[in-house]
Amino acid sequence: MNKYVIFKMFLVFPVMHVILAYGILTSEYWYLILALGFLLHYPLHQLGGAIGYHKLFSHRAFVPKQWFVYLSTFICTVCFFGDPLTYAVLHRIHHKYSDSELDPHSPNKGRFHAYIGWMATYKPKKTDMLMGIDLMREYPWMLTFRKIEWIVPLVVYSVLFAVSPLVFYIVLFAALLSMNSMFVTNAFGHNPLVAGTDKSVDIKWMGKYLNPIFLHKNHHSTSNKYDYGCHGIKDYSTGFIERILTKNTK
């Protein structure tokens, strides 16, 4: 991975956790940070990572209303997911080469590797970006945004802290929960002990109570479906979807 990603994920990302811990331990409204941050996390994660970066950009499962493209991108950058083009390309590589040597974050090399360690060791091929050619054609701004996406969280969190440190900590807690939810999915949505080439597994209680993406074997077999085939993301659909596709990028 490039030096910026390593700097962000192995320095900035841990520091943000330390800042959050400081805010929780020193604020008289610590209970609001925890409660409201936890409540905010789910809609942020679903509208940003799960529906936007994942189903819209990575799998092209639906045609969105144009404003949702920018909303999901904004949410995900605030939640430290990075730019949509890089995310989509990496996720498509993961699906194409699931649990092989070419899979960027298979837990075959350990849970920590799948969680975050892969970012320090993964070396993308020059041809990898060809997997995102459809996105570059439809959303040419993504190529420029790759270079400047860090500006969004920097500005947002600076403004939030200046206006209200309490709101800053609430949003930060929600954002870090969202990001860590993705990392946990990478680490535990596959089981190295499972036979076969694709070692994705369903963790039913986590899929039911935490996040439907933990029905991960279901997702790998039905990645082209908008709703994972297993839960109520459609509750969000009426406002931002033009139409659901039947043929798309897996």
Side-chain angles (χ1 to χ4, degrees), residues 38-62 72 75-76 79-82 84 87-119 122 131 174-237 241 244-250:
F38 183 80
L39 291 174
L40 181 62
H41 143 258
Y42 193 77
L44 280 185
H45 186 72
Q46 291 303 317
L47 292 173
I51 302 176
Y53 272 27
H54 193 198
K55 284 298 182 177
L56 171 57
F57 295 132
S58 299
H59 295 298
R60 308 306 302 273
F62 64 94
S72 62
I75 291 174
C76 277
C79 292
F80 308 105
F81 278 60
Y87 179 99
V89 167
L90 287 169
H91 191 71
R92 291 175 183 183
I93 292 171
H94 163 67
H95 272 264
K96 184 175 181 178
Y97 302 109
S98 182
D99 296 307
S100 73
E101 286 297 315
L102 297 177
D103 186 345
H105 47 70
S106 171
N108 287 344
K109 297 180 181 179
R111 302 291 187 185
F112 178 79
H113 171 83
Y115 189 86
I116 195 172
W118 66 275
M119 293 187 185
Y122 178 64
M131 297 190 72
L176 292 179
L177 278 178
S178 179
M179 189 64 169
N180 281 286
S181 178
M182 182 188 71
F183 287 157
V184 170
T185 304
N186 291 344
F188 295 96
H190 293 248
N191 186 344
L193 300 180
V194 170
T197 54
D198 186 339
K199 301 178 184 298
S200 56
V201 294
D202 290 337
I203 307 176
K204 293 183 178 180
W205 71 269
M206 294 180 75
K208 182 177 181 179
Y209 296 108
L210 296 179
N211 197 312
I213 192 59
F214 286 109
L215 296 176
H216 207 62
K217 187 174 183 64
N218 177 291
H219 167 59
H220 268 251
S221 62
T222 61
S223 61
N224 61 326
K225 292 185 178 180
Y226 166 69
D227 65 349
Y228 300 95
C230 61
H231 82 111
I233 274 184
K234 286 183 180 178
D235 292 344
Y236 291 102
S237 67
I241 289 182
I244 295 174
L245 301 178
T246 56
K247 294 181 179 180
N248 46 61
T249 304
K250 293 188 179 183

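Numbering of residues begins at 1 and proceeds along the displayed sequence.
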Practice task
For Asn191, check side chain to side chain contact (heavy atoms under 4.5 Å, CB included) against everything at least two apart and list the hits.
Solution key: Arg111, Leu193, Val194, Val201

Problem - Counterpart residues, ring pair (Phe, Tyr, Trp, His ring centres under 6.0 Å), relative to Tyr122 (two or more places apart) - result: none

Handout entry: Separation between OG1 of Thr197 and CG of Asp99, rounded to the nearest 0.5 Å
Key = 8.0 Å

Problem - Distance (rounded to the nearest 0.5 Å) between His45 NE2 and Met179 CE - result: 10.5 Å

Practice task
Could you pull out the closest heavy-atom pair between Phe214 and Ser181, with the gap in Å?
Solution key: CZ-O, 4.3 Å

Exercise for the section: Quick one: list whatever passes salt bridge (Lys or Arg N to Asp or Glu O under 4.0 Å) with Lys109, sequence neighbours left out. Expected result: Glu101

Fill in the blank from the handout: Sorted by chain and number, sequence neighbours left out, ring pair (Phe, Tyr, Trp, His ring centres under 6.0 Å) with Phe188 holds for none

Handout entry: side chain to side chain donor-acceptor pair (under 3.5 Å) partners of Tyr115, counting only residues at least two apart
Key = Asn180

Handout entry: Identified ring pair (Phe, Tyr, Trp, His ring centres under 6.0 Å) counterpart of His105 within the set His91, His94, His190
Key = His94

Practice task
Report the residue from Lys217, His216, His220 that forms a side-chain hydrogen bond (donor to acceptor under 3.5 Å, both in side chains) with Asp198.
Solution key: His220

Handout entry: Check: Tyr87 and Met182 side chains under 4.5 Å, non-hydrogen atoms
Key = yes

Fill in the blank from the handout: Looking only at heavy atoms, the pair that brings Phe81 and Gly49 closest together is CE2-CA, 4.0 Å

Fill in the blank from the handout: In terms of heavy-atom contacts, Gly207 and Leu215 come closest through CA-CG, 4.2 Å

Problem - Taking every non-hydrogen atom, the tightest pair across Leu47 and Ser72 - result: O-CB, 3.5 Å

Fill in the blank from the handout: Leu44 and Ala174 have their tightest heavy-atom pair at CD1-CB, 3.8 Å

Handout entry: CZ-CD1 distance between Phe62 and Ile51, expressed to the nearest 0.5 angstrom
Key = 6.5 Å

Exercise for the section: For the residue pair Leu177 and Tyr42, establish whether any side-chain heavy-atom pair is separated by less than 4.5 Å. Expected result: no

Handout entry: Where Ala88 and Ser58 come nearest, the two heavy atoms and their spacing
Key = CA-OG, 3.4 Å

Problem - Student check: side-chain heavy atoms of Ser106 and Tyr97 closer than 4.5 Å - result: no

Problem - N/O donor-acceptor pair under 3.5 Å between Asp202 side chain and Asn218 backbone - result: yes

Problem - Residues His95 and His219: side-chain donor-acceptor under 3.5 angstrom - result: yes

Problem - Residues in ring pair (Phe, Tyr, Trp, His ring centres under 6.0 Å) contact with His113, at least two apart in sequence or another chain - result: none

